[in-house]
Amino acid sequence: MALAVGCRARPGKARDNKTGSWRVFKPEFDHEKCTQCGTCKTICPEGCISEDTDGKFIPDYLYCKGCGLCAEECPGDAITMKQEEK
Amino acid sequence: MLGITEGSLAVAEAVRLCRPQVVAAYPITPQTHIVEALADMVANGKLDADYITVESEFSALSACLGASAAGSRTYSATTSQGLALMFEVCFNVAGMRQPIVMTIANRALGAPLSIWNDQQDSISLRDSGWLQFYAEDNQEATDLHYIAYRVAEDPSVSLPAFVCFDGFILSHTYEPVEQLNQADVDKYLPPFAPTERLDAADPISFGMYATPEYYHEFRYAHDKALKDSAAVIKKAGEEFKALFGRDYSAMVEGYLLEDAETVLVAMGSICGTTKDAIDEMRAAGKKVGLLKVRVFRPFPVGELAKALGGAQRVAVLDKNISLGSKGALALEIRDALYGSRVPVFDYIIGLGGRDVRKRDIKEIVARAERGQGDEFYGLRQEVL
């Protein structure tokens, strides 16, 4: 994204802020344990978890801030927070 | 047309001729006369503008920010505690690159409460990213408003500007001031035509959020635009001179500098007193000169270094104090002269309305010649 004078932006430009850079702990999804209940997608405050065509729930790491709510709430303990080296 | 006018009213007339579309301000001594006069002009149909009455200076500048973002030429005026209350909005206006022009009738900051003049208020906003002009007399204060709008609205600058003139000393003093006429001002200052503005039919936001990946670069771009405005100031000054005869093309102005051994540096109305003191010192054989700083932001590092490089010593008159350090002007002049070996002495003077007389200027020169400086000048030891 090129800088706009005065940080001006058209609607929808918030997507340019890749909030994934804030992350310290990264949620890792174990699809063997996953029961596809969808709790992670519902609870994610960033709205960055989506279901793919196979019914797998996948986070978008460009936006995932690593808050850990998905791991905390997952009934099958299928999500683990791992410290990320950058 | 030449007339004897109170400084505030002369400024108000210049502002009227600049055709602001929105004025929002809150009364505060010694700035009040300016916005009272503008309110009269709007009420009497002499100025076609929306005058927004607000409940505080914070609201005044916030209203101006919105109006400016919506594409209006916008004006406000304040001083001292009023400017302090605008602190947050000042940074937002500058960061959103809105070319608001605001007059500062310079006054001391409390506590203790003082309604009298020094330059602590605008100096304290030196890091806010606005241009800062300082006027020596009411003619200059008046003219600098045209220059300020021209420079601020230049698309390559797109930044707000303070026009500072000393409270009471200029704002409440009657002086001969030549006012321009509307046709000439219109030639010099075309209507404000921003390329982007707030418009419900074509939504856009200003001053959005910048993550660590972008903020650093936004600050760089802001700093660069402010520094690069020096060339626009020069051009605006040259065009003003071509049309109206008075020359504001340089950011600093020398007085009897050529062979000066001691050079005084000052901003604002004290330059007039200093010139008179220099005339008397010159008559007595002392080689003294003055460098007047008209533009404090962007800081004219190159012009200053060139003008002061040949001096034997520099004595800076600071009507402000960065408490715990030194006067702001002297600090930056030392930086501009770094490596030149010209000694720079700082004198904190005239705070909170303390009068500075010709004999004080002469005493400061004598002190600088003795190598004595970096002090509060003229302390009344009996009250300490």
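To find a chain, count down the sequence lines: A is the first, B the second, and so on, and within it residues start at 1.
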Looking at every non-hydrogen atom in both residues, tell me the closest pair between B:P203 and A:P11 and how far apart they are.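 Shortest heavy-atom contact: O-CD, 3.4 Å.
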Using 0.5 Å steps for rounding, measure from the [atom1] atom of [X] to the [atom2] atom of [Y].
X: B:Y215; Y: A:L3; atom1: OH; atom2: CG; value: 13.0 Å
X: A:S21; Y: B:E213; atom1: OG; atom2: CD; value: 3.5 Å
X: B:Y209; Y: A:K13; atom1: OH; atom2: NZ; value: 15.0 Å
X: A:R10; Y: B:S205; atom1: CZ; atom2: OG; value: 9.5 Å

Other residues, nucleotides, ligands: >12 heavy atoms within 6.0 Å of [X] [atom1]:
X: A:K65; atom1: NZ; answer: yes
X: B:K235; atom1: NZ; answer: no
X: A:E72; atom1: CD; answer: no
X: B:D48; atom1: CG; answer: no

Do B:M208 and A:N17 have side chains that get closer than 4.5 Å, going by heavy atoms? no
Would you say the side chain of A:C7 lies within less than 4.5 Å of the side chain of B:F206, judging by non-hydrogen atoms?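 Answer no - side chains too far apart.
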Is a side-chain N or O of A:R8 found less than 3.5 angstrom from the main chain of B:I204, in a donor-acceptor match? no
